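Report on the following structure.
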Amino acid sequence: MTDLAANPAEIAAADHAQGRVAGERRQLRYLVGAICVAVLAIMLAPLALSFLASIKTPQEASQSPPVYLPSQISFENYLKIFDFQAGLSTYAFNSLAVAGIAILLCLALAVPAGYGLARFNFRGKEVLFLIMLAPLMIPYQALLTPLYMMFAKVGLANSHLGLAIIHTVLQLPFSIYLMRNSFEGIPRELEEAAVMDGSSSFQVLRNIFGPLVIPGMVTVALFTFINSWNEFLAALIFMNKETAFTVPIMLVSVRTGRLGAVDWGALQAGVIISILPCVLVYVLLQKYYVSGFLNGAVK
Amino acid sequence: MIATRKGSVGLLYMAPALLFVLVFVVVPFVQLVQTSFTDASLLGGGGFVGLENFTRAFADPTFQRALWFTARYTIIITPILMGLGFALALLTAPNRPLEQLTRGIVFLPVVIGLGSSSLLWFWLFDQQVGLINRFLVDIHLLAQPMVWFTKADLVMWAVIISVTWKVVGFGMILFVAAIQSINTEITEAAMIDGAGPWQRVWSILLPLTRRTILLATLISAIGSMLAFDQFYIMSGGGPRGQTFTAVYWIYQQSFISFKLGYGAALSLILTAIILFFSAIQVFLSNRSPGND
């Protein structure tokens, strides 16, 4: 269009096309805005309604037909859930302990493995990498039976360590994969200088790579925490003692109720509390989460 | 050049992870295969029974029904998740505040537990206290609250609605990344050339993101084939065992009826099915990263 030799008709046609595009854009903007607002409402409604139910009085929360909004604010449901059976703090502590052990295990295994995979070449590396990805191919649901038999023998059933080991099985391939990518992303020159100075490979790992792969480690910890906190089936099978329950299992037993009747208000208070840590972590560390997610799923 | 270091040292760094996988994945898997040829139960037993568990599995009407139910669930929910996910990706791909906020909120339920979200929706769908019934009655779509959990089809739809809410952000976020990686000049040029929005989606965005779509479809389908939590919580496998999924039936046989040998055989059959689809996924994702 900046070509001076272009003929006026062409310029006019191009201007017209641009005008049409701009008009189409404007119309689209309004439509997109309206749909976005509708999507926001649909996505947030279940969470908002659950929260509103959790601050109803227990009677109002179990009322049929239900009311949309609480007529008064009451925290009785939350008090109940804190007192439920062994107490919410016990279950939250159990969940945190399992997630904490799983995070430590995942990092302890995945950081060196990622280093080895990214920075060393040797025969059979590809095969070993594939073996480490094996948990991706075999659904862990199928491994629960043999693991249960194994854990029962060595006294790991009903133990937080046992459950954490299973959560590590689940998270390890993704963690190794992520750590390998973290190490691969570091320029070779950094390492070369240190090796010239006579650093051992472990010194290189600790002093040079350590600080640089912290974002990768945060991502590993984040995913392990969320997936461990939420994991349901293994916790259901392995945690039979009431005092060893994790939060998701506690919720199911709230639903079952002491006398068969569901305490709907307490259940929603439990749902809100079980969701809260995940939402907080996601809001605070969204960047790590989304980038790790894209990294792990597509590549 | 130290790009290539001594192999033995590298192996040393990988050893702990390898050992862990060996002890907690490979050995249990071998044990699973062994157990599947026995009549082991939690209470004892364990004699070799040959292929009996497998022949029984293929003749077990509940297992067949569970497999079929799982397949039907997967076949219905996968296109819904992928279609809605792609639509939401188109909607929220621009990096403007409202779109970014929407993207963030649609992805939010992905981080919450399937158990928590299933319990939330279990309440929303309840006949007595559920707000979905209340709402449907209020807008005169229903004459009176209905029971969602006594018909297998309705259970499936209730689960599909709840799971869609929970995981639709999964596909969306992958598709947003894929769409954003496309050079905007291509779509701009198409716009100038007079291609309408539909044409641009159909002839440019879809073909250029097809690898991501295929991968997301496989990951999502594998997830659905392994469905358990949502049915355990929302229907308990009922009515009359009609909503057992494959994993649910395995759980039921292994840990409620204590038939470990039989449960192991069922697990192996499911593993074979999943392995087939995982292999396709791994093959696809290894071939080349990103979109071509």
Side-chain angles (χ1 to χ4, degrees), chain A residues 17 21 32-33 35-36 39-40 43-44 46 49-50 62 64-66 109 112-113 115-116 120-122 128 131-132 134-139 141-143 145-147 150 165 169 176 188 192 195 201 226 230 232-233 237 248 251 255 264 267-268 271 274-275 278 282 290 293-294 297-299, chain B residues 2-5 7 9-11 13-14 16-18 20-21 24-25 28-29 31-32 35 91 98-99 102 105-106 108 111-116 119-120 123-124 128-129 131 134 165 173-174 177 191-192 212 215 219 226 228-229 233 247 254-255 260 263-264 267 270-271 274-275 278 285 289:
Chain A
V21 168
V32 165
I35 300 174
C36 277
V39 169
L40 282 173
M43 293 307 291
L44 288 174
L49 292 172
S50 169
S62 291
S64 174
L109 298 170
Y115 181 49
F120 298 88
N121 270 324
F122 50 91
L128 293 179
I131 292 175
M132 289 201 283
L136 279 183
M137 316 277 278
I138 304 165
Q141 289 90 339
L143 292 178
T145 311
L147 282 172
M150 186 196 265
I165 287 175
V169 169
I176 291 177
R188 299 239 176 237
E192 275 170 28
V195 172
S201 71
I226 295 224
N230 291 332
F232 186 77
L233 178 58
I237 292 170
L251 283 184
R255 187 206 52 185
W264 293 102
L267 183 62
Q268 290 321 301
V271 165
S274 72
I275 287 175
C278 306
Y282 170 65
V290 173
F293 190 82
L294 292 171
V298 183
K299 287 179 186 159
Chain B
I2 54 142
T4 318
R5 284 254 204 98
V9 183
L11 197 62
Y13 284 107
M14 288 164 66
L18 276 170
F20 185 89
V21 171
F24 296 111
V25 180
F29 185 72
Q31 226 179 359
L32 179 77
T35 312
L91 183 76
L98 181 62
E99 280 87 344
T102 310
I105 297 293
V106 172
L108 178 68
V111 306
I112 72 178
L114 189 53
S116 306
L119 279 166
L120 170 50
W123 163 68
L124 284 172
Q128 307 286 331
V129 303
L131 286 166
R134 164 85 208 255
W165 174 80
I173 211 85
L174 298 182
M191 261 174 121
I192 304 277
T212 307
L215 274 175
I219 296 171
L226 295 168
F228 170 79
D229 307 12
I233 287 172
V247 171
S254 305
F255 295 101
L260 293 184
S267 300
L270 182 67
T271 304
I274 297 297
L275 208 61
S278 304
S285 51

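The chains referred to below are lettered A, B, ... by the order of the sequence lines, with proteins before strands, and numbering in each begins at 1. Predicted model, so just to flag it, every value in this text is computed and none were measured.
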Study note, to complete from the structure: The interface call for Pro248(A) against chain B, heavy-atom contacts under 4.5 Å, is neither

**Study point:** Set of residues satisfying ring-ring contact (aromatic ring centres under 6.0 Å, His included) with respect to Tyr13(B), sequence neighbours excluded
**Key:** Tyr115(A), Phe120(A)

Revision key, fill the gap. Turns out that what part of Leu32(B) lies under 4.5 Å from chain A's heavy atoms comes down to both

Practice item. Would you mind reporting whether Phe122(A) and Val9(B) have side-chain heavy atoms less than 4.5 Å apart? Key: no

**Study point:** Structural part of Ile176(A) lying under 4.5 Å from a heavy atom of chain B
**Key:** side chain

Check your understanding: Is there a side-chain contact between Ile233(B) and Phe232(A), using heavy atoms and a 4.5 Å cut-off?
Key -> yes

Point to revise | Donor-acceptor under 3.5 Å (Asn230(A) side chain, Leu114(B) main chain) | key: no

**Study point:** chain B contact via Leu267(A) - side chain, backbone, both or neither, heavy atoms under 4.5 Å
**Key:** side chain

**Study point:** Contacting region of Ser254(B) [heavy-atom separation from chain A under 4.5 Å]
**Key:** side chain

**Study point:** Proximity breakdown for Val32(A) and chain B, heavy-atom pairs closer than 4.5 Å
**Key:** both

Point to revise | Residues that Phe29(B) engages under ring-ring contact (aromatic ring centres under 6.0 Å, His included), provided they are two or more places apart | key: none

Study note, to complete from the structure: Under 4.5 Å to a heavy atom of chain B? For Ser62(A) that would be backbone

Practice item. With rounding to the nearest 0.5 Å, note down the distance linking CG in Leu98(B) to CD1 in Ile35(A). Key: 11.0 Å

Check your understanding: What part of Ile165(A) lies closer than 4.5 angstrom to a heavy atom of chain B: side chain, backbone, both or neither?
Key -> both

Check your understanding: Which heavy atom of Pro139(A) sits nearest a heavy atom of Leu226(B), and at what distance?
Key -> CB-CD2, 3.8 Å

**Study point:** Heavy-atom contact with chain A under 4.5 Å, split by part of Val106(B)
**Key:** both

Exercise for review: Indicate yes or no: at least one non-hydrogen side-chain atom of Tyr282(A) is less than 4.5 angstrom from one of Ile112(B).
Suggested key: no

**Study point:** Region of Phe24(B) in contact with chain A, defined by heavy-atom distances below 4.5 Å
**Key:** both

Point to revise | Shortest non-hydrogen contact between Met137(A) and Ile274(B), atoms and distance | key: O-CG2, 4.0 Å

Review point. Do Ser267(B) and Gln141(A) come within less than 4.5 Å of each other through their side chains, counting heavy atoms only?
Key: no

Point to revise | Side-chain heavy atoms of Leu109(A) within contact of Val21(B), under 4.5 Å | key: no

Point to revise | Residue Ser116(B) versus chain A: region with a heavy atom under 4.5 Å | key: both

Practice item. For residues Met43(A) and Leu108(B), determine if any side-chain heavy atom of one lies less than 4.5 Å from a side-chain heavy atom of the other. Key: no

Check your understanding: Relative to chain B, which of Leu44(A), Leu136(A), Val169(A), Val290(A) shows the most heavy atom pairs under 4.5 Å?
Key -> Val169(A)

